[in-house]
**Q** 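This is the structure I want to talk about, given as structure tokens.
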Protein chains: 2
Amino acid sequence: MRARSGPTIADVAAASGVGVGTVSRVINNAEHVRAGTRLKVLAAIEQLGYRPSHLAAALSRGRPRTVAIVIPHLTRPSAVERLAGALSVLDKHGYDTVVCNVGSPAQRDHHLAALTARHRAAGVIIVSLPLSRHQVAEFRAAAIPLVAVDVSLPGLPHTIIDDVAGGELATRHLMSLGHRRIGFVGDKFPSKKAPALGFRSSDRRLAGYQRALTAAGLPSDAHLVRLGPHGPATAEALAAQLLGLPVPPSAIFAASDTQAMGVLSAAERSGIAIPGQLSVVGFDDIQAAELLGLSTVRQPLEDSGVMGAERLCAIMRGDEIRPLRQLLPLRIVHRRSSATVGHRPVTGATEQAGQQTPTIAELGGMPCD
Amino acid sequence: MRARSGPTIADVAAASGVGVGTVSRVINNAEHVRAGTRLKVLAAIEQLGYRPSHLAAALSRGRPRTVAIVIPHLTRPSAVERLAGALSVLDKHGYDTVVCNVGSPAQRDHHLAALTARHRAAGVIIVSLPLSRHQVAEFRAAAIPLVAVDVSLPGLPHTIIDDVAGGELATRHLMSLGHRRIGFVGDKFPSKKAPALGFRSSDRRLAGYQRALTAAGLPSDAHLVRLGPHGPATAEALAAQLLGLPVPPSAIFAASDTQAMGVLSAAERSGIAIPGQLSVVGFDDIQAAELLGLSTVRQPLEDSGVMGAERLCAIMRGDEIRPLRQLLPLRIVHRRSSATVGHRPVTGATEQAGQQTPTIAELGGMPCD
DNA sequence: GTGAAAGCGCTAACAC
DNA sequence: GTGTTAGCGCTTTCAC
């Protein structure tokens, strides 16, 4: 019917004088095969240059050795790190990983719908995206294991951090350095015109910021909170607003490192010294943070991918996941961008040394449910 | 035998009172189906909640609708941008994309070998990785379309840039600003202990740098060339060496933006003003470059992924690709990090305005073969 | 136009 | 232990 593209299991069977069943067993390292037989088969495989067909195996088995990872804004540093973490373990377990990058709700829904089709994926990792009850139900109906990373999915395994606590951590760090007037730069809930993917991290971090302020008896000045679409350019503009205030903040907490970079940039533009005149704290600890000497709340990005993937593998293996909620630890990494109010800069080797010993405050890490 | 997981084409056929062949035609939008019949079938599909099985279709067709992209160091900004570009077009064409991140030669060989197995991928995009003649032959033997991005693959379609010309571009830019003592920070050919993936970009950019220097009648001082393992930390150290020289360079060209960031960082540590005392030019124009005001040689990263993917799709569609070599354009983006020798800084709005009008020098863009 | 039937290459029962 | 066989769900001739 079609041109055959290579030797099949039948050819191997014929060549080695055994049945296809035996060849299959050898391929899959199943037991109940005599050593001699195995060798014969292996020789035939080698000689014929036989390569098993994933497709046929998967169809026959009823389930592909493929998992999908649905991840928004792939090019953001935090997303890639998560992806890389997941890929490394999926790889190790022999899964093919198809990556679905989503940049809009439409794209998200498209991918999600496609993934519940038959034989599409043996499991799915969903990153940062809140799913509707209906979407979750589709996966359940299709019996496709689903785990979430960086987003809470009730009833399903999810690996997350406590964003509120993170916001508190950052704010308390700043307050411990003597800052009393602390600005916040974060994401704004977008308009209907640009419907978003439902990220809540920034909001939660803001909540933590406010909580910490309140707990310390500090007023939370609405003027000090600036929100806008995610991205360094916006963050830069927002920070510029903050710095232009009659009484500007002495510190700014940005909801992400990317945004913190915008803040740094704004300060540089305005000739404001970091950390002399302004302390900045970010969130995530992406790779650029270290390079820029950015103080930040570190979350284990790569690990989140690793954990999510490992849990998915466990489920696909048939294991039960308990507890469903896995909380990853957060900690402050104190670098050059934050210092005590009115800090006088030190240059050269001294500062370098200082940077080598970041102050660290731990939090979380305890799984709970 | 196995628990059936949902309605099949046969169920749809039965429900709509037609044969499976007809259903198949409907699913694939094939012709020769009466409109009425089509509607009936569509109704049955809807009613049964039928989802076609990719696996079965692929097996039957002899070729999956899956392509693989093999890409080293996924977490590097340049790699992600390429990946994102490729994903967007593959997605649009309805392909699943499995991503193979490679961090070592062993991993590379592992993935490459796996991909030549039967029914594994309908096509492969290989990014930045030089392939051995043998590896290429394997793909050819397996009749798996292969295209390269950011690496030249003789006899196969490849989308690349002219790294030598890029190196020249950067160097000439610096020279045009009056710089005569220009340092270079790039990748060193790693030792056997840490066998690398064979990237040659840094070397070629260095060659361009030397060529430009020579063409301008400037001596190329070996002390001004510093090489080390890729990464900002190393670059920072190398730049520090350069800055510590008895007669330090007035400008540094880094083989990548990531390394340029290390250079910037080193300058900041040493209290050296950018661009007052030191001009810096990078390569790639990753997203962070704009934010940092880093002058750089821009290469179309995302586009390279787009182009590679489009060419792969074309081949899978049966088209011929001519010419094989596709050269993407390069251009200098002049930002704050480079200026004339002895430049006096301007602050505030003035500088902001200046940054809005980067000088641009074009090069390449013409396909050739 | 449409139906029937033969694969695609493999896994998994089941018999021996 | 090993061979045989019946699917897995679809595409694609080939008759009608």
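Each chain gets a letter, A, B and so on, in the order its sequence line appears, and its residues count up from 1. Just so you know, these numbers come straight off a predicted model, no measurement behind them.
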**Q** In a table with atom names and distances, give each donor-acceptor pair under 3.5 Å that connects a side chain of residues 41-51 of chain A to protein atoms at least two apart or in another chain.
**A**
{"unit_1": "A:R51", "atom_1": "NH1", "unit_2": "B:T116", "atom_2": "OG1", "d": "2.9"}
{"unit_1": "A:R51", "atom_1": "NH2", "unit_2": "B:A113", "atom_2": "O", "d": "2.7"}

**Q** Would you mind telling me which residue lines up with the more 5' stretch of DNA chain D, A:T22 or B:V20, judged by nearest nucleotide?
**A** A:T22

**Q** Could you list the residues that satisfy side-chain contact (heavy atoms from CB on, under 4.5 Å) with A:N101, not counting sequence neighbours?
**A**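 Partners of A:N101 by the side-chain contact (heavy atoms from CB on, under 4.5 Å) criterion, ordered by chain and then number, come out as A:L74, B:A84, B:L87.
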
**Q** Do the side chain of B:S60 and the base of C:dG7 come within less than 3.5 angstrom through a donor-acceptor pair of N or O atoms?
**A** yes

**Q** Please enumerate all residues that pass salt bridge (charged side-chain N to carboxylate O under 4.0 Å, His left out) together with A:R120, with sequence neighbours excluded.
**A** B:D96

**Q** Want to know the stems of DNA chain C: at least 3 consecutive Watson-Crick or G-U pairs with distances under 3.5 Å, which are they?
**A**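 Stem segments, range with range: C:1-16 with D:1-16.
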
**Q** Expressed as a whole number of angstroms, how long is the span from B:R61:CZ to D:dC8:P?
**A** 20 Å

**Q** Write down the distance between CZ (B:R120) and P (C:dC10), rounded to a whole number of angstrom.
**A**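 In whole Å, C:dC10 P and B:R120 CZ are 13 Å from each other.
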
**Q** Could you work out, with side-chain contact (heavy atoms from CB on, under 4.5 Å) as the rule, every residue matching B:I160, not counting sequence neighbours?
**A** B:H158, B:R325, B:L327

**Q** What are the residues of residues 23-51 of chain B, sorted by number, that bring a heavy atom to within less than 4.0 Å of DNA chain C?
**A**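 When residues 23-51 of chain B is checked for heavy atoms under 4.0 Å from DNA chain C, the hits, listed by number, are B:R25, B:H32, B:V33, B:R34, B:T37.
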
**Q** Using atom CD1 of B:I9 as one end and atom P of C:dA5 as the other, report the distance to the nearest whole Å.
**A** 16 Å

**Q** Are OP1 or OP2 of D:dG9 and a side-chain N or O of A:R118 less than 4.0 angstrom apart?
**A** yes

**Q** Choosing from C:dA5, D:dC10, C:dG9, which nucleotide comes nearest the side chain of B:P52?
**A** D:dC10

**Q** Between C1' on D:dT11 and CZ on B:R63, what's the gap in Å once rounded to a whole number?
**A**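 It is 11 Å, rounded to the nearest whole Å.
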
**Q** A:R317: which residues meet the salt bridge (charged side-chain N to carboxylate O under 4.0 Å, His left out) condition with it, sequence neighbours left out?
**A**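 A:R317 satisfies salt bridge (charged side-chain N to carboxylate O under 4.0 Å, His left out) with A:D319 once adjacent residues are dropped.
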
**Q** Among all residues two or more places apart in sequence or in another chain, which pass the side-chain contact (heavy atoms from CB on, under 4.5 Å) test with A:R34?
**A**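 For A:R34 the side-chain contact (heavy atoms from CB on, under 4.5 Å) partners, ignoring immediate neighbours, are A:T37.
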
**Q** Whole-Å distance between D:dC8 C1' and B:D11 CG?
**A**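 One finds 13 Å between C1' of D:dC8 and CG of B:D11, rounded.
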
**Q** Is there side-chain contact between B:H119 and B:R63, with heavy atoms separated by less than 4.5 Å?
**A** no

**Q** Tell me, which pairs form a salt bridge (charged side-chain N to carboxylate O under 4.0 Å, His left out) where one or both residues lie in residues 65-94 of chain B, sequence neighbours left out?
**A** B:R82-B:D150

